[in-house]
Amino acid sequence: PDGDASNKWIDRAPWTAYEARGGLTWYKSLGFVPQDKTDESVSRTLEFAYDDYCVAQLAKAVGKLDDYELLMKRSRNYKNVYDPVKGFMRPRLSNGSWDEVSWSSREDRMPGFTEGGPWTYLFCLMQDVPGAIDLMGGNEKFAAKLDENFTGGHYRHDNEPGHHYTYLYDYCGQPWKTQERVR
């Protein structure tokens, strides 16, 4: 969008004309949307990565294999906002460091996220569930984090990033938990 590298793209800000893919310039150059340049940076990074995966499938279907490869590579950009020390997706700054000022895994809504927080977006990786499981330490650790999400009262079904979370147990070898939660 026009002025992408100079506009913070604050959600629903007045006089922000065309917000689609706001922060794309940064995402393409850094591999993530930086919080000091574009608002809601983690949510944007995760959603852009999923969008890239979807468009990659179309590119593959029409025989644009170079585009497919580029978009599939970018679909893994979600890894660039995962902090293995904290165990959450976190906002980064344009210099690559973590945004310590706005960080708290306990907050429901905070800078870096759209209508949610770290728990809302932690498992928002539909395009690469096996990669996310590896990123978070394997099946057992992934399942334990899912358990904590549900038993700790963090799960929010009122927003689309989490609608698939109950089904993730199927991918980490604990399908009975999906069956219990879906019921």
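Quick caveat: nothing in here was measured; it's all calculated off a predicted structure.
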* Counting only heavy atoms not in Lys79, do more than 12 sit closer than 6.0 Å to its NZ atom? -> yes

* Stepwise side-chain contact (heavy atoms from CB on, under 4.5 Å) check, Gln35 with Arg92 -> CA-CA 6 Å; Gln35 183 61 26; Arg92 293 188 96 141; over 6 Å; no

* To do: Indicate yes or no for a side-chain donor-acceptor contact from Thr45 to the backbone of Val33 under 3.5 Å, with no hydrogens or angles considered.
  => yes

* Got a second to check how far Leu93's CG is from Lys37's NZ, nearest 0.5 Å? -> 10.0 Å

* So do the side chains of Arg74 and Tyr53 get within less than 4.5 Å of each other, counting heavy atoms only? -> no

* Would you check if Tyr78 and Glu47 make a side-chain contact, meaning some heavy-atom pair closer than 4.5 Å? => no

* Structure fact -> With sequence neighbours left out, the residues meeting side-chain contact (heavy atoms from CB on, under 4.5 Å) with Val85 are Asp83

* Asked: So do the side chains of Ser75 and Asn77 get within less than 4.5 Å of each other, counting heavy atoms only?
  -> no

* Asked: When clusters are formed by joining ILVMFWY residues with side-chain heavy atoms under 4.5 Å apart, either directly or through shared neighbours, do Leu135 and Tyr50 land in the same one?
  -> no

* Structure fact -> Note: Trp119 and Asn149 closest approach over all heavy atoms is CE3-OD1, 3.3 Å

* List the steps and the verdict of side-chain contact (heavy atoms from CB on, under 4.5 Å) for Asp36 and Asp99. => CA-CA 8 Å; Asp36 57 328; Asp99 183 358; over 6 Å; no

* Asked: Out of curiosity, does Phe142 fall in the hydrophobic cluster containing Tyr165 (side-chain heavy atoms, cut-off under 4.5 Å, transitive links)?
  -> yes

* To do: Nearest 0.5 Å please: distance from the NZ atom of Lys28 over to the CG atom of Leu70.
  => 8.5 Å

* Asked: Could you walk me through whether Glu180 and Gln174 pass the side-chain contact (heavy atoms from CB on, under 4.5 Å) check?
  -> CA-CA 11 Å; Glu180 292 169 3; Gln174 298 183 12; over 6 Å; no

* Locate the shortest heavy-atom distance separating Leu125 from Met136; write the atom from each residue and the value. => CD1-CE, 4.0 Å

* Look at the side chain of His164 and the backbone N and O of Phe123, then say whether any donor-acceptor pair between them is shorter than 3.5 Å. => yes

* Would you kindly say whether Asn139 and Tyr169 are connected by a side-chain donor-acceptor distance under 3.5 Å? => no

* With a distance cut-off below 6.0 Å to the six-membered ring centre and an angular limit of 45° from the axis, does Lys145 pair with Phe88 as a cation-pi contact? -> yes

* Asked: When rounded to the nearest 0.5 angstrom, what is the spacing between CE in Met126 and CG in Leu46?
  -> 9.5 Å

* To do: Report, as yes or no, whether the 6.0 Å neighbourhood of atom CG on Asn95 holds more than 12 heavy atoms from other residues, nucleotides or ligands.
  => yes

* Asked: Rounded to the nearest 0.5 Å, what separation is found between the CG atom of Asp158 and the OG1 atom of Thr120?
  -> 8.0 Å

* To do: Please state whether the rings of Tyr121 and Phe113 are parallel, tilted or perpendicular, taking 30° and 60° as the class boundaries.
  => tilted

* Under a 4.5 Å cut-off applied to non-hydrogen side-chain atoms, are Asp147 and Lys177 in contact? -> yes

* Asked: Counting only N and O atoms by type, is there a donor-acceptor contact under 3.5 Å from the side chain of Asn80 to the main-chain atoms of Gly31?
  -> yes

* To do: State the CG-CG distance between Asp52 and Leu71, to the nearest 0.5 angstrom.
  => 5.0 Å

* Structure fact -> For Thr178 and Thr166 the tightest heavy-atom approach is OG1-O, 2.7 Å

* Taking side chain as C-beta onward, heavy atoms only, is Arg90 less than 4.5 Å from Val81? -> no

* To do: Grab the two heavy atoms, one from Tyr68 and one from Ala56, that are nearest each other, plus how far apart they are.
  => CD1-O, 3.0 Å

* Asked: Would Tyr155 and His157 count as a close aromatic pair, with their ring centres under 6.0 Å?
  -> yes

* Pro91 side chain near Ser41 side chain, heavy-atom distance below 4.5 Å -> yes

* Around atom CD of Gln57, are there more than 12 heavy atoms of other residues, nucleotides or ligands at under 6.0 Å? -> yes

* **Derivation and outcome, side-chain contact (heavy atoms from CB on, under 4.5 Å), residues Phe32 and Val42** => CA-CA 8 Å; Phe32 61 93; Val42 176; over 6 Å; no

* **Tyr27 and Arg44, any side-chain heavy atoms less than 4.5 Å apart** => no

* Asked: Can you name the closest pair of heavy atoms from Ile133 and Tyr171 and give their distance?
  -> CD1-O, 3.5 Å

* Structure fact -> dist Glu69:CD -> Lys64:NZ (nearest 0.5 Å) comes out at 15.0 Å

